[in-house]
Amino acid sequence: MSFFRELAHQYIDGEWLTGSGSWDIIDFNPYNGEKLAAVTVATALEVDRAYRAAERAQQKWAAVNPYERRAVLERALDITLERADAIAEAITDELGGTRSRSRYEIEAAAEFLREAVRQALRPSGRLLPAVGDGRENRLYRLPVGVVGIISAFNFPFLVAMKSVAPALALGNAVVLKPHQNAPVVGGGLIAKIFEDAGLPAGLLNMVITDSAEIGDAFIEHPVPKVISFTGSDRVGRHIAATAAGGFKRTILELSGNSALVVLEDADVEYAVQAAVFSRFLYQGQVSMAANRILLDRSVAAEFTERFTAEVAALKAGDPRDPETRIGPVINAFQADALDALVERAVADGATALVRGRTVGNVVAPTVLTGLAEDSPLLTQEILGPVALLLTFDGEEEAVRIVNEGPYGLSGAVHTRDAERGVKFAQRIVSGMFHVNDSTVQDDPQVAFGGEKTSGVGRLNGEAVVEAFTTQRWMSIQHGRSVFPF
């Protein structure tokens, strides 16, 4: 508890502060309802202070030798690994993450920190040919300046680190706004790690607040040049429109309605394992989760029997129990919404092959089949442990079903012929698609992002360099130009 109280503060210009707003965000344990901390919200004035501190600090940071920046990132990685047990405990307490899910997030975040260490030394310029004699063209890659980061609740430590670490490595300063359901794991923990790693004051600031208090101040502020947001497409649409008014670049990682497709030649047993993981990791509260599981009619019966048996055996309950696979969803509102969603689907004619009970915020898994073709569930994101089984006849129909709807984030196809899987994947409108694996994939070196309303821009690897730097052309005339007048 003291751990949460220590970090549940604003962090501005190297100081841990109490917000000056008139109300508190209460941080609850979603499993047992225990109050972890109360955070007085930051106001628009404190958002301004955070951005101004970042602006001042960034100018010196951009001039720092990249090897010095790398050393800070290396220390942050070491601290993260040293504190892995404490971070895992915090993920379980604040987010209801099971032990295996908590370790999954920490290990992934460590990989992204390792990549940020390398990014600190990425090439900062190029020499390009020139049309005129005696001219030299130099193309410099420079930090954008200040990056505003708005994180999500579902994997907040990882999601925030994916933007914070490379932005700092590339010479920028950051203002981080964690989700109000994850103020410590998605905010305070990260600020403390970098503070202890020796990051100079002002380069990473954190404000815990809500749009009910600050409106659009975080996005509209004149200092940040890039806004990196992870969350719903509804909020992302608003952020994009607001940021465009200030000519800001946006990196938007938004909602998904991913499909896992099982073709007639798939290894069914393996496909079942991939589907269970893809749908039920962190109670299904993952944008890349396999909302829809599409089955070729020839393997549907075998897959369904195996899948429902595996799902029914998933233990739901206390996330501290190492045998638990399904912990609580993030809050009571989400639990109630999931119950209502399933009840409506069954009332509309769907069949519940597995019907999980809800106890508190623990929503046990449900498997639905027989949904009508026009069911709204087939085209919306479901952030919870509800799986939808659909059958198809042939690849053409499978492609059509996968591409229906507004989203295009991730997906997977299972087949014993990998090249057939590649050809199938090439027909899907999606930012990411995987052959013979789960729909939930994230690699530090590979561009991550979605198509359609699943996002704009990319993170990871070279893509993050594009996201958090700008290019400046400088030409040098070593002789004399001839001018037409």
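As a basis for the values below, the full set of heavy atoms in this structure was taken, side chains included, without hydrogen atoms, waters or symmetry mates. Fair warning: this is a prediction, and the values are worked out from it, not measured in the lab.
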_Heavy-atom side-chain contact between L388 and I293 under 4.5 Å_ = no
_When you compare the side chains of S298 and D296, does any donor N or O come within less than 3.5 Å of an acceptor on the partner?_
yes
*Any salt bridge between E264 and R297, counting N to O under 4.0 Å?*
no
*Lys NZ or Arg CZ of R279 over F307 ring: under 6.0 Å, within 45°*: no
*Has the side chain of E94 got a donor or acceptor atom that lies under 3.5 Å from a matching backbone atom of V184?*
yes
*Ion pair present between E396 and R427, side-chain N to carboxylate O less than 4.0 angstrom?*
yes
*Should E462 and R122 count as an ion pair when the cut-off is N to O under 4.0 Å?*
yes
*Is the shortest side-chain N to carboxylate O distance from R458 to E253 below 4.0 Å?*
no
*Please determine if E302 and R306 form a salt bridge, counting it only when a charged side-chain N lies under 4.0 Å from a carboxylate O.*
yes
*Can you check side-chain hydrogen bond (donor to acceptor under 3.5 Å, both in side chains) on W16 and E195, steps first, answer last?*
CA-CA 11 Å; W16 294 91; E195 180 184 51; 3.1 Å; yes
*Hey, what do you get for CD (Q283) to CG (L281), rounding to the nearest 0.5 Å?*
8.5 Å
*Output, in order, the C-alpha distance, side-chain angles, deciding distance and verdict of side-chain hydrogen bond (donor to acceptor under 3.5 Å, both in side chains) for Y407 and D233.*
CA-CA 9 Å; Y407 301 117; D233 58 304; 3.1 Å; yes
*Any donor-acceptor pair under 3.5 Å from T351 side chain to L353 backbone*: no
_Counterpart residues, ring pair (Phe, Tyr, Trp, His ring centres under 6.0 Å), relative to F433 (two or more places apart)_ = none
*Short side-chain to backbone donor-acceptor contact, E111 and D443, under 3.5 Å*: no
*Any side-chain donor-acceptor pair under 3.5 Å between S258 and S410?*
no
*Checking R101 side chain against R325 main chain: does a donor-acceptor pair fall under 3.5 Å?*
no
*Any donor-acceptor N/O pair, K248 side chain to P224 backbone, under 3.5 Å*: yes
_T40 side chain to D24 side chain, donor-acceptor N/O pair below 3.5 angstrom_ = yes
*Between atom NZ of K177 and atom CD1 of I219, what is the distance when rounded to the nearest 0.5 Å?*
8.5 Å
_Looking at R103 and D85, is there a salt bridge between them, counting it only when a charged N and a carboxylate O are closer than 4.0 Å?_
yes
*Quick one: list whatever passes salt bridge (Lys or Arg N to Asp or Glu O under 4.0 Å) with K315, sequence neighbours left out.*
D321
*Go through the side-chain N and O atoms of R416 and N436 and say whether any donor and acceptor fall under 3.5 Å apart.*
no
*Heavy atoms, side chains only, cut-off 4.5 Å: are N403 and V429 in contact?*
yes
*Where do E397 and D393 come nearest, in terms of heavy atoms and distance?*
OE1-N, 2.7 Å
*asked:* Does atom CD (E404) have a neighbourhood of more than 12 heavy atoms from anything else shown, all under 6.0 Å?
replied: yes
*Return yes if a side-chain donor-acceptor contact under 3.5 Å exists between E451 and S454, otherwise no.*
no
*Measure the CZ-OG1 distance between R75 and T80 for me, rounded to the nearest 0.5 Å.*
13.0 Å
*K35 to F28, cation-pi by 6.0 Å centre distance and 45° axis angle*: no
*asked:* For a 4.5 angstrom cut-off between non-hydrogen side-chain atoms, does L176 reach N205?
replied: no
*Could you tell me which non-hydrogen atom of V164 sits nearest to which non-hydrogen atom of I190, and how far apart they are?*
CG1-CG2, 4.3 Å
*Any donor-acceptor pair under 3.5 Å from R234 side chain to G231 backbone*: no
*If you measure from the Lys or Arg side-chain nitrogens to the Asp or Glu carboxylate oxygens, is any gap between R83 and D196 under 4.0 Å?*
yes
*Using atom types as modelled and distance alone, determine if a side-chain donor or acceptor of S163 lies under 3.5 Å from a backbone N or O of V159.*
no
_As a quick check of understanding, evaluate side-chain hydrogen bond (donor to acceptor under 3.5 Å, both in side chains) for H238 and D216, giving each step before the final call._
CA-CA 10 Å; H238 175 75; D216 288 330; 2.9 Å; yes
*Will you find, in the side chains of D265 and H414, an N or O donor that is under 3.5 Å from an N or O acceptor?*
no
*Could you tell me whether the side chain of T230 and the main chain of A152 form a donor-acceptor pair under 3.5 Å?*
no
*Do N291 side-chain atoms and Q380 backbone N/O form a donor-acceptor pair below 3.5 Å?*
yes
*Quick one: salt bridge (Lys or Arg N to Asp or Glu O under 4.0 Å) partners of R99, sequence neighbours excluded?*
none
*Should K162 and F448 count as side-chain neighbours, where that means a heavy-atom distance under 4.5 Å?*
yes
*With a 4.0 Å cut-off, would you call E74 and R70 a salt bridge?*
yes
*So, E381 versus S255: side-chain donor-acceptor pair below 3.5 Å or not?*
yes
_Flag if over 12 foreign heavy atoms under 6.0 Å of CZ, R400_ = yes
_Determine whether a donor-acceptor pair (N or O, by modelled atom type, separation under 3.5 Å) exists between the side chain of S438 and the backbone of S278._
no
*Establish, from distance only, whether the side-chain atoms of N460 and D442 form a donor-acceptor pair under 3.5 Å.*
yes
